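Only heavy atoms go into these numbers, but all of them, side chains included; no hydrogens, no water, no symmetry mates. Keep in mind that what you see is a predicted model, and the values were worked out from it rather than measured.
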Amino acid sequence: MSHFKQLSEHLFLFEDTCNVYVIKDGDAALLIDAGSGAVAEHIGEIGCSKVEWILHTHHHRDQCWGSAKLAEGGAKIAVPEYERHLFDRAEDYWQSRRVYDNYNDRNTFFTVGSDIPVARTLDDYETFQWRGHEFFVLPAKGHTQGSVALLAEIDGTLTVFSGDLMNRGGVLYQLHAMEYFYGDMIGAYFTLQSIQTLRDCLTGEAVAGRTWPVGRCRVYPTHGDEIDEPVADIGRLERRLEELWSLSQGLRVAGTVPTPAPLYLPEPKFVPLSEHLLWGGNWTCSFFYVLLSESGKAMFIDYGHAHRAHMLVYADHEGWESMRFVEHHLKELKRDHGVTSFDLVVPTHIHDDHTCGIPHLQRHYGTKAFALDQVAQVLADPAAWASTPCCFPKPISFDKVLADGDRFDWEEYGFEIHFAPGQTEYHSVLAAEIDGRKVAFTGDNFFYEPVVVSGAVKSKPYQTTVLRNSFQLDMHRRCVDVMRRVNPELICPGHMDVFSCDKKVLDEYADFVARKERVFKKLVAEPADQHVDLFWARLLPYLADVEPGGKVEYELLLRNNLERKAVFEARLAVPPGWSADDGFTKVTLDAGRRGSLKLIANAPEKTGAMRRLMTAEIRIDGVSQGPVSEALVTVGEAQRHEGT
């Protein structure tokens, strides 16, 4: 008696603690999920002698608790890119997972207890090739944060391995899996977005620039029977998730005011600001805008998440994770606005919530990118600048790098760009006349919301401050100067709400900046900038990998915040086994000036296979400030986890 159910000529089902699907090619097999691993004991029943690969849809124990045993027998394992740490760093995960004061409801508690070797990752919107078979990796957030679905043509039929995204009849496999934060149902929103994208694939809509044939398809979950009416079942589950969501009347994240669900369910829509200017809406994670040309091209100003629920980066997030982008709004641009090309994107600043979709636009749509030089340097090399908060780990390449005050044309529009180091040092303001109005895209700098004035709460314009984003007092003064120079009629910010602007608003904005500076100066000793500027010294690159016996060349960036000329000296304080020159190198800087020093560290001959802390001791006029600036370095082939 066979332990397998044959689903088609080369596709078989082995029932275990989950459904294990087996694709057969000659005497070799590829598994979708592995269960207990017992499939290996019976693989000969279908004429196979070896398991070459296991592709996992997600990390849960019932899917993969036998995978390590299969790996010992020669199988290679591929896992979702955003859950790799829950396979090959599972032991580390259990060392660091919060036990007390735990408000994290996510089902990562169903992670295996021992490390599972990973041969490669299944990267979002990319493909995995095996013996002529191609598996497309579709993000399938919901049951877990990193879940994927795998699409392949098997025996002439589009076949979807959907993991635990949904089950037959339009139901969820587990309701409790929808809880991500304490008592919420964010997983329901993620599931809704995922099944809508799956429906696009099944009905001929383009996803990441590709389409699949419409007609016969098979959808196989990892628990339960084949979903034989997938499009209809997606519709059923969609309605049920909306009903579930209506119980909470919207989404609550980190104390924010809930947005009524009908505004972004069943899918988010653009808000027209004028004939050619679209706004992603105030339910998006961080605002983005799209400018339409008469020729059918689209220009993006920022491009982040569809909803703030994707921002799993708060105090209770898992340590090894990094932000995950899921495509959104692009179908609407083509369908409702006649867009034929996603031509250009311009990020206002460096933060991941505003930029995480840009590498996707470049990779799958050939979108060009322009940016201010101060912004571009960070986005092009995030590993080097990772000491700056909110860096997205995937680099962005730029077709044009602009200087402060530069002007450029795109289609029928003329733009000006200005260096505006406000909420972060690496920030710009972009301005243009659009449909008869001067519009400024201000990113995270300029908002109009309730603020405290003389002990009372009033609606006023204000400038955000994050000291760890690199801050000096004159940066916000510069922002005031930029806004007066631009003199916009409409402000399109990165959060809060779109609002009109005039001289009165600009004056109030200037007053706020001046008042804040007075408050800051009262809180610290003189010179104030030396006491508020966290990054007067910065070591680049912040993240580095080096071969055994190799060397790392560092650049120490320095700012002289003193009111006098000063001599800055530095040397590296290296980790055990490393070496560097004992002597200090030096540079003399006038008051208010910037400079840099080159420093070299030599790695040990043996691999360390773990991150080490590299620091730079700094002296000012001969007085040591200690090992002020730091970086992280790895010797050997240890996997760099960009999300930490």
Salt bridge or not between Glu517 and Arg477? Use side-chain N to carboxylate O under 4.0 Å. yes
Aromatic rings His305 and His310: how do their planes relate, parallel, tilted or perpendicular, breaks at 30° and 60°? parallel
Strictly below 4.0 Å, N to O, side chains only: are Arg478 and Asp474 in salt-bridge contact? no
Quick check, are the ring centers of His351 and Tyr426 under 6.0 angstrom apart? no
Tell me, do Gln145 and Arg106 make a side-chain contact under 4.5 Å, heavy atoms counted? yes
For Arg559 and Glu425, what are the C-alpha separation, side-chain angles and deciding distance, and is it a salt bridge (Lys or Arg N to Asp or Glu O under 4.0 Å)? CA-CA 13 Å; Arg559 290 197 283 242; Glu425 180 179 358; 3.0 Å; yes
Can Asp621 and Arg564 be counted as an ion pair, charged N to O under 4.0 angstrom? yes
Distance under 6.0 Å and angle within 45° of the ring axis: does Arg89 meet both against Tyr93? no
State yes or no: are the ring centers of His495 and His354 separated by less than 6.0 Å? yes
Are Phe584 and Phe568 an aromatic pair, judged by ring center distance below 6.0 Å? no
Centroid separation Phe109 to His60 less than 6.0 Å: no
Thr17 and Trp65: side chain donor to acceptor below 3.5 Å: yes
